[in-house]
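Read through the structure below, which is laid out as structure tokens, and then see the notes.
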Amino acid sequence: MSQRAPIEETVEAGGASIPKLGLGTWQNTGESCTESVEAALDLGYRHVDTAQMYDNERAVGDGIAAADVDREDVFLTTKLWRSNLRADDVRASTRASLDRLGVDRVDLLLIHWPHPRVPVEETLSAMAELRDDGLVEHIGVANFTREQYRAAREAVDAPLVTDQVLYHPYRDRSGLRADCEAAGLSLTAYSPLARGDAVGDPVLADIGARHGKSAAQVALRWLVQQDQVVAIPKATGRDHLAENRAVFDFSLTDEEMARVDDLRGSLWRRLKDRAPAVMRRVPF
Ligand code: NAP
């Protein structure tokens, strides 16, 4: 396999330097996951996203170990599952994650979902201790609303370098993004291809045709072209991995960026159009 140039575009956020494009691994497990991670690193990816809940930390770690890339050149994220948010569980489950991943620290540890009953201060303080001990380089959150992210940032001294949230061309995140820009933090866009729905979008395909790019590449370009935004598309095979990686050799014009902005909300309209008549009466 030929080694490709590493992705050099990064977002600087609260002391972290996060590669703008990362590999998502949800629903990719076992050997398939190991092969995807190894292939992605070979293609120049330097950022891999996993979680305790994905049941693939061991496979992700095997992929990193198998790749011809130094561990310290890979930005590795994992996430604490909902059952592991009490202080003792933060410490024990992170050590178990490191063990499964086969590494002595992760670059980023996130709270996977806000919890209605575990105080966020308790979880974040334990995460900050792990940071002080060198087991995690940076800490952050996922699926927090703007308000929850603001409150969480006030609850701990260490910077919360990202809020990882659902963000793709059909989803408006202008408020959270403005907050991240103002605070010098990052917004990590998960499901950036709308879990595959953006791949067949006619507007994205039309824009892509002008650049010799696919609809998927336009969706990803639109994200990584925004300040402080990181995208983590999941792809399994080498073809998708290579296609998604090739989004740093073209730019969208302001008019094209605005056309993608205008797709907000249109996924629901399209799903509604495809639904049976009875469903079309439901106000999505
Ligand atoms: P996604 O990245 O939007 O879409 C993945 C789907 O798109 C897969 O079916 C994939 O197929 C397909 N695909 C990828 N590249 C393609 C291409 N170039 N052409 C055509 N199809 C393509 O969805 P996601 O997996 O939900 O989100 C990405 C990552 O975000 C996850 O894997 C996970 O790491 C993270 N995430 C985090 C949370 C959270 O709560 N924090 C929630 C959801 C996801 P193949 O696999 O066959 O390539």
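Whatever order the structure lists ligands and atoms in, that order sets their numbers, starting from 1.
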Any N or O of Thr25 closer than 3.5 Å to N or O of ligand 1: yes

Polar proximity ligand 1 side, Leu193 side, N/O cut 3.5 Å exclusive: yes

Side-chain (Thr188) to main-chain (Val230) donor-acceptor, under 3.5 angstrom: no

Asp107 side chain to Leu76 backbone, donor-acceptor under 3.5 Å: yes

Identity and separation of the nearest protein heavy atom to [atom]:
atom                    : value
atom 48 (O) of ligand 1 : His240 ND1, 2.6 Å
atom 31 (C) of ligand 1 : Trp26 CB, 3.6 Å
atom 30 (O) of ligand 1 : Tyr190 CB, 3.3 Å
atom 34 (O) of ligand 1 : Asp49 OD2, 2.7 Å
atom 12 (C) of ligand 1 : Lys234 O, 4.2 Å
atom 41 (N) of ligand 1 : Gln164 OE1, 2.9 Å

Taking every non-hydrogen atom, the tightest pair across Leu166 and Ser191: CD1-CB, 3.5 Å

Below 4.0 angstrom from a heavy atom of [X], which ligand 1 atoms are there? Numbered from 1 as shown, please.
X      : value
Asn143 : 39 (C), 40 (O), 41 (N)
Ile232 : 28 (C), 29 (C), 30 (O), 35 (C)
His112 : 39 (C), 40 (O), 41 (N)
Pro192 : 2 (O), 3 (O), 28 (C)

Residue among Tyr167, Phe144, Tyr149 satisfying side chain to side chain contact (heavy atoms under 4.5 Å, CB included) with Leu176: Tyr149

Electrostatic pair Lys213:Glu256 at N-O distance under 4.0 angstrom: no

NZ/NE/NH1/NH2 to OD/OE distance under 4.0 Å, Glu181 and Arg177: yes

Identified side-chain hydrogen bond (donor to acceptor under 3.5 Å, both in side chains) partner of Asn56 from the options Thr50, Thr29, Asn28: Thr50

Heavy-atom protein neighbour under 4.0 angstrom from atom 9 (O) of ligand 1: no

Nearest-0.5 Å distance that lies between atom OG1 in Thr94 and atom CE in Met127: 7.5 Å

